[in-house]
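Have a look at the structure below, then the notes.
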Protein chains: 2
Amino acid sequence: MDEPAPRPKRTRIQREKRELIGEAALEVFSRHGFRGSTIDQIADEAGMSKPNLLYYFKNKEEIFTTLIQRLMETWLAPLRAMDAAGDPQSEIRSYIRRKMEMSRDFPRESRLFANEILQGAPRILPLLEGELRELVDEKATVIAAWMREGRLKKSDPYHFIFAIWATTQHYADFDVQVRAVLGEKRGGEGRFEDAARFLEGLFLE
Amino acid sequence: MDEPAPRPKRTRIQREKRELIGEAALEVFSRHGFRGSTIDQIADEAGMSKPNLLYYFKNKEEIFTTLIQRLMETWLAPLRAMDAAGDPQSEIRSYIRRKMEMSRDFPRESRLFANEILQGAPRILPLLEGELRELVDEKATVIAAWMREGRLKKSDPYHFIFAIWATTQHYADFDVQVRAVLGEKRGGEGRFEDAARFLEGLFLE
DNA sequence: TTAACGTTTGTCCAAACGGTCAAAAATTTC
DNA sequence: GAAATTTTTGACCGTTTGGACAAACGTTAA
């Protein structure tokens with residue numbers, strides 16, 4: 001975390017296998033959290049032996065942190081993309097759409113993140129208090145300005161952002177519940193589109 | 001799950017100790033999920049030895065299911081209380097308020113529930129597909145009627161309910177993140193009141 | 001006082017856990 | 001193709017885990 005860490009040179013196989021392991025680890029960690037997951041499970045999922053896996057990652061911790069570090073970038077990208085110079089309505093709409101697509105296309109990433117936060121964010125708290133907070137401060141200011149100018153319905157910009165996070169991620173993290181409640185007919189693939197439309201109506205106009 | 005189970009007669013000590021263990025288990029399970037928690041941790045938290053704890057509950061599974069079964073009742077109560085004969089605006093407002101109070105006063109229960117769902121709801125899926133679904137169907141019908149009568153802004157009643165769940169529970173499940181982002185000043189006790197006011201504005205009018 | 005019952009503890013076990021290691025196997029480099 | 005290097009494996013280790021058990025302890029009621 002201090003030194004720049006002299007970017008390790010990796011062979012083709014190392015890159016491929018680390019990728020494969022990351023994929024498997026995502027599957028396992030996102031369901032059971034850090035403590036609830038075992039190296040054996042991940043190795044199984046990746047189709048290799050435990051010692052072989054540990055040849056590519058020095059321990060369980062390193063697999064997890066590698067995963068969550070990569071994730072955080074992807075995770076913040078949609079909010080980063082929100083443009084102060086753009087039209088408020090379509091900026092918010094795009095933001096909701098993007099977050100909703102992430103819930104649909106990367107539910108495991110969402111659950112991994114949720115798991116980490118639920119456990120008290122032991123591994124990423126500094127990131128939340130630093131990078132995330134600064135980003136939200138910045139965008140909240142933008143939103144507040146839009147509201148002041150009457151281009152967006154007035155409310156608390158921080159809780160406005162929280163509400164978008166909560167509702168969009170709900171469709172990834174609580175997917176089982178959503179499908180259970182909606183049943184066969186409405187719980188199919190269309191549920192994400194329905195949800196996106198609902199959320200646009202909720203947050204805009 | 002089949003037989004009515006002949007209500008076990010319990011001594012005073014048994015009732016007290018089972019209560020004490022439940023309290024401790026809630027603390028531990030809500031942070032680490034089922035697989036991530038150990039009986040030793042729970043016993044420690046309850047201030048007793050592991051064998052002693054296992055005298056009151058026959059295994060880890062039973063502690064968990066006892067906990068989550070009791071929880072489900074409490075959890076659904078606010079939605080149950082929503083009255084078709086009442087005024088839509090104040091019914092929704094009360095519902096949001098109640099859910100928000102639960103996030104503030106029972107965050108561990110909320111996290112326990114979230115953990116279970118994140119893991120795919122292995123222990124309560126039947127309940128979600130049965131009791132919960134029926135309840136939501138019923139209340140969604142009520143809300144739909146209110147909307148048709150023009151007494152509530154028109155939208156999808158199911159996603160409307162999901163959105164209330166997601167936003168209110170966010171303040172319990174993602175509390176660490178909320179506080180990290182809001183910082184010292186706005187992240188204090190007042191955050192629940194701020195959130196409740198924001199949510200009323202979002203869902204009503 | 002003692003028999004009966006409820007409670008608590010120390011000890012133990014087999015399985016699962018995170019991780020190591022030396023040696024075999026496969027691959028790349030010369 | 002041989003040598004050097006990378007990758008894979010099986011065997012192993014110390015620790016933690018869920019759980020069993022008998023013995024000890026405490027409490028009450030005859």
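Chain A is the first sequence line, chain B the second, and so forth, proteins listed ahead of strands; every chain is numbered from 1.
For the side chain to side chain donor-acceptor pair (under 3.5 Å) test, residues two or more places apart in sequence or in another chain that qualify with B:R197 are B:E193.
Note on A:N52: a side-chain N or O is less than 4.0 Å away from OP1 or OP2 of D:dT9. One finds no side-chain N or O of A:Y55 lying less than 4.0 angstrom from the OP1 or OP2 phosphate oxygen of D:dT8. Remark: B:R18 is not in phosphate contact with C:dT7, judged by side-chain N or O atoms under 4.0 Å from OP1 or OP2. The shortest distance between the side-chain N/O atoms of A:S49 and the OP1/OP2 oxygens of D:dT8 is not below 4.0 Å. When the side-chain nitrogen and oxygen atoms of B:R35 are compared with OP1 and OP2 of C:dC17, one or more of them lie within a distance under 4.0 Å.
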Verdict with supporting geometry, B:D175 and B:R104, salt bridge (Lys or Arg N to Asp or Glu O under 4.0 Å): CA-CA 10 Å; B:D175 184 54; B:R104 187 193 57 200; over 6 Å; no
Walk me through whether A:F162 and B:F198 qualify under ring pair (Phe, Tyr, Trp, His ring centres under 6.0 Å). CA-CA 11 Å; A:F162 292 157; B:F198 168 83; 9.1 Å; no
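Counting atom types as modelled, A:K50 pairs a side-chain N or O with a base atom of C:dG18 as donor and acceptor under 3.5 Å.
Using a 4.0 Å heavy-atom distance criterion, B:I39 is classed as a sugar-phosphate-only contact. A:K17 comes within contact range of the sugar-phosphate backbone alone, with a heavy-atom separation under 4.0 Å but no base atom that close. Residue B:Y56 is classed as a sugar-phosphate contact, given heavy-atom separations below 4.0 Å to backbone atoms only.
Ranking D:dG18, D:dG19, C:dG18 by closeness to the A:T38 side chain, first place goes to C:dG18. Here the nucleotide nearest the side chain of A:P51, chosen from C:dC21, D:dC21, C:dG18, is C:dC21.
For the residue pair A:D194 / B:Y158, no side-chain donor-acceptor distance below 3.5 Å is found, with atom types taken as modelled.
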